[in-house]
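Counting starts at 1 for both ligands and their atoms, following the listed order. Counting from 1, the numbers follow the sequence of the chain as shown.
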Amino acid sequence: MSSVVRYELIDNIGIITIDNPPVNALSQALRQGLLDVVTAAQKDASEALVLLCAGRTFIAGADITEFGKPPQSPSLPEVLAVLENSRKLIVAAMHGTALGGGFETALACHYRCAVPSAHVGLPEVKLGLLPGAGGTQRVTRLAGVKAALEIIINGNPLSAAEAAELNLLDEVLPDENLREGAIAYARDLVDSGALLKRVRDISIDPGALEPGFFANYRLRLAERARGQIAPDRIVTAVEAAVTLPMEHGLIRERDLFLELLHSPQSRAMRHIFFAEREAAKIRDLPADTPLRDIRHVAVVGGGTMGGGIAMCFANAGIPVTLLEISSEALERGLGIVRKNYATSVQKGRMSEAEMQQRLQLITGSADYADLAQVDLVIEAVFENPDIKKDVFRRLDAVCKSGAILASNTSYQNIDEIAAVTSRPQDVLGMHFFSPANVMKLLEVVRGEKTSHEVLATAMQVGRRIGKICALSRVCYGFIGNRMLTGYARQAHMLLLDGATPAQVDGVAEDFGMAMGPLAVSDLAGLDIGYKARQAREAAGEVLDPATHCVASALVEMGRLGQKAGAGYYRYDPQTRARQSDPQVEALIREHAARLGIPQREISREEILARLFYPLINEGARILEEGIAQRPGDIDIVYVYGYAFPAAKGGPMFHADEIGLSTVYEGILRFGLELGETYWQPAPLLAQLARSGSSFAQWDAARRD
Ligand code: T1G
């Protein structure tokens, strides 16, 4: 018997227990053990078999760490064929999250049961894959074509009840006693003379679909899954389930799976999967760093960000006090929160009862004394250093010893803020992204004196409220916003060189960005950058007009962006759809002429390189300065904070894919063509490019 698959016979029911922590991933040893046990059980006294897992979940999928390595037999399809062809009835008994190959294993069994809290799903699409062990063929046979397409293309888990509704589960057990319930269910099946039910024997009536169904589905899919190839291949695999016999359908599915497995997109998305988990680990923090107990949180500042942050905690069931400077300001803040929740209820994302439950967790206050016993405070007031320091002085005076004081600042120096308190070891940054209750990224900013305990607690709290956390040291703009500077600067300068806003944004969006840089500026509000520039000029800085003159002119014309109905684009008042505006293009030409910049045709390749090379170059600086722990952390910041396409793996992974020498030589070329001011290669980039290395290799060498 293998170490990861155990077998025992109880009252002539064969119990197969898989035990491969942490998530019972289908490693080679597990596949071999399962095959051996099921084969052996064909000859013993068992009347039926129950397949269940120890630990926190049923099989959570193929072992992703094996991908990209030489395949090792037995393959999962081989193992599942043994299950499906077993002469003895096999019941899959699920708990936790039966995902991917795990759910496919259950689908190859004859009956499926689960505890009420279980979830099942086929999330392969999130790794740039499709189910490669019969999932597309079996789910289509059980749940029908339309449900199968939605389940596999969305990749989201279904509750046990939802799965049962779709005929994907035969029994939802009465309670959470998995083993007991599964054995009783198997015994009932045997005693009732239940037949071996093979999903492969279910036939699908192609006539049930309207003519041209798959072609139309593909057309609608094109916009939804922009740039991703896996969704299209999923349609092909599901179509095969309708048009081909099972054996041929399985072969077709396997071919499509292998095509995706070796695709750059899947490699990139698998990189993001592991980078996300790696980013949660702080290199120099002992694994047993104690955590502080966070039971009650406060947010100072009830603006858009403060309200959104308060919602993050309420959504996680954590009581939160929202503090404002006056009852009027507080009412406005709570109004933002109520409006956000009402929108979610209206869109069916939550019930009225859930909304009320969450609202009850949010208490308003205009008195700092109410914060005396909270465990964590997140300051989210104006991006003004003096105002922030005043807030921290007051928090330091009021909050209990051991309370963590965090700032949501996007740019201010955490060390300077910490220095105005008596407890710099309890101070750090927790930088949320707008809208805070939606965006997944949380930049945890480590001050010079921030203690290990406070850091570890902040990362854990981030996970608790559903955020993906990345650690940053202190610098202007931390990781994400610091890198964005060069990207946004080139977007503006490309306009003066002759590109239109639609061209610049179109290239970025064809690359896979959710929104191009100029459309993002319109969304955020052009006045934010305008005010920041005014503050810098007031402090005596001399700014280069070529980096912002058009943006400033738009603000001075009242074109603040989407909120004003116009910025770089005009916006339809109903749909908010953007339209190019000849007036803006004339304004650009006028400023280019005033600066003596000749306008010319700009190629797609030049736009792409001028947008993304500065991003990569600044990322290299951030790595060499130790601001970010690893290249993957930067990738996570960009995928989850700035909607960089996961199918490209993030800026640093993408740089490795195109080759650092390509990036480095491109920067040198732009330096010659456009002037070296903004085209200074980062030393680390130059070093790695010259040695033919990559960010990934550099990072691996540092770990060893
Ligand atoms: N393979 C290898 N390691 C995995 C893994 C997997 N499938 N899933 C998780 N881990 C590791 C993870 O890296 C982390 O490691 C630890 O387990 C805990 O994970 C043939 C081809 C199951 C919902 O996509 O969604 O099947 O950091 O921190 O928050 O058609 O893990 O501790 O060293 O995420 O409780 C399809 C992926 C694979 C599911 C648990 N399956 N996993 O979440 O823990 S492709 C998936 C998850 C496939 C078939 C195809 C989540 C989870 P470490 P965690 P969690």
Exercise for the section: Heavy-atom distances under 4.0 Å are what count here, so tell me which part of Phe67 touches ligand 1: side chain, backbone, both or neither. Expected result: side chain
Problem - Candidate pair Met94 and Leu169, rule side chain to side chain contact (heavy atoms under 4.5 Å, CB included), full reasoning - result: CA-CA 10 Å; Met94 291 170 275; Leu169 277 189; 3.4 Å; yes
Practice task
Apply the test side chain to side chain contact (heavy atoms under 4.5 Å, CB included) to residues Ser472 and Gln629: give CA-CA distance (whole Å), side-chain angles for both, the deciding distance (0.1 Å), then the verdict.
Solution key: CA-CA 8 Å; Ser472 175; Gln629 296 187 96; over 6 Å; no
Handout entry: salt_bridge(Glu66, Arg31) N-O dist < 4.0 Å
Key = yes
Practice task
Indicate whether the side chain of Ser75 and that of Glu78 have a donor and an acceptor atom separated by less than 3.5 Å.
Solution key: yes
Handout entry: Those atoms of ligand 1 less than 4.0 Å from some heavy atom in Gly100
Key = 26 (O), 36 (C)
Problem - Ligand-residue contact atoms, ligand 1 with Phe257, heavy atoms, under 4.0 Å - result: 21 (C)
Exercise for the section: Under 4.0 Å, heavy atoms only, figure out whether ligand 1 is touched by the backbone of Lys126, its side chain, both or neither. Expected result: neither
Problem - Residue Gly101 vicinity, atoms of ligand 1 by number, heavy atom under 4.0 Å - result: 26 (O), 48 (C), 49 (C)
Practice task
For ligand 1, find out whether one of its N or O atoms is nearer than 3.5 Å to an N or O atom of Glu104.
Solution key: yes
Handout entry: Nearest-contact summary for atom 1 (N) of ligand 1 - protein heavy atom, Å
Key = Ile64 N, 2.9 Å
Handout entry: Distance under 6.0 Å and angle within 45° of ring axis: Arg270 vs Phe274
Key = no
Handout entry: Nearest-contact summary for atom 54 (P) of ligand 1 - protein heavy atom, Å
Key = Arg277 NE, 3.6 Å
Practice task
Would you indicate which of Val23, Asn20, Thr136 comes nearest to atom 40 (C) of ligand 1 when only heavy atoms are counted?
Solution key: Val23
Problem - Nitrogen or oxygen of Ala60 less than 3.5 angstrom from that of ligand 1 - result: yes
Practice task
Answer yes or no for atom 29 (O) of ligand 1: protein heavy atom present at a distance under 4.0 Å?
Solution key: no
Exercise for the section: Please report which non-hydrogen protein atom sits nearest to atom 27 (O) of ligand 1, along with the residue it belongs to and the distance in Å to one decimal place. Expected result: Lys281 NZ, 2.9 Å
Fill in the blank from the handout: For Glu124, the atoms of ligand 1 under 4.0 Å from one of its heavy atoms are 26 (O), 30 (O), 45 (S), 48 (C), 49 (C), 50 (C)
Practice task
Using distance alone, determine whether Thr97 and ligand 1 share an N or O pair under 3.5 Å.
Solution key: no
Handout entry: Proximity of Phe653 and His271 rings by center, below 6.0 Å
Key = yes
Problem - Gly135 to ligand 1, any heavy atom closer than 4.0 Å - result: no
Handout entry: Which of the ligand 1 atoms, numbered from 1, are nearer than 4.0 Å to a heavy atom of Pro131
Key = 30 (O)
Exercise for the section: Have a look at ligand 1 and work out which part of Pro123, if any, has a heavy atom under 4.0 Å from it: side chain, backbone, both or neither. Expected result: side chain
Exercise for the section: Please confirm whether Gly132 comes within less than 3.5 Å of ligand 1 when only nitrogen or oxygen atoms on both sides are compared. Expected result: yes
Exercise for the section: Answer yes or no: is there an ion pair linking Asp170 with Lys197, defined by an N-O contact shorter than 4.0 Å? Expected result: yes
Exercise for the section: Could you check whether the rings of Tyr217 and Phe213 sit parallel, tilted or perpendicular, using 30° and 60° as the cut-offs? Expected result: tilted
Practice task
Can you figure out which of Leu260, Asp63, Leu99, Leu127 has its heavy atom closest to atom 25 (O) of ligand 1?
Solution key: Leu99
Practice task
Step through the shown structure and confirm whether more than 12 heavy atoms of other residues, nucleotides or ligands are within 6.0 Å of CD on Glu180.
Solution key: no
Handout entry: Salt-bridge criterion met for Asp633 and Arg283 (N-O under 4.0 Å)
Key = no
Exercise for the section: May I ask you to identify, for Ala62, whether its side chain, its backbone, both or neither come under 4.0 Å of ligand 1 on a heavy-atom basis? Expected result: both
Handout entry: Heavy atom of protein inside 4.0 Å of atom 44 (O) of ligand 1, strictly below
Key = yes
Practice task
Please tell me if the side chains of Glu104 and Arg138 come closer than 4.5 Å, counting only heavy atoms from C-beta onward.
Solution key: no
Practice task
Considering only non-hydrogen protein atoms, determine which one is nearest to atom 16 (C) of ligand 1 and report residue, atom name and distance to 0.1 Å.
Solution key: Pro22 CG, 3.6 Å
Problem - Phe644 and Phe511 aromatic centres sub-6.0 Å - result: yes
Exercise for the section: Calculate, to the nearest 0.5 Å, the distance between atoms CG and CD belonging to Asn315 and Gln357 respectively. Expected result: 10.5 Å
Problem - Arg56 heavy atom under 4.0 Å from ligand 1 - result: yes
Practice task
State whether the number of non-hydrogen atoms from other residues, nucleotides or ligands found under 6.0 Å of Glu354 atom CD is greater than 12.
Solution key: yes
Problem - Contact atoms of ligand 1, heavy-atom distance to Gly61 under 4.0 Å - result: 26 (O), 41 (N)
Exercise for the section: Could you establish whether Glu278 and ligand 1 come within less than 4.0 Å of each other, counting only heavy atoms on the residue side? Expected result: no
Fill in the blank from the handout: When rounded to the nearest 0.5 Å, the distance separating CG of Asp656 from CZ of Arg267 is 11.0 Å
Problem - Contact check: Leu129 vs ligand 1, nitrogen or oxygen atoms, below 3.5 angstrom - result: no
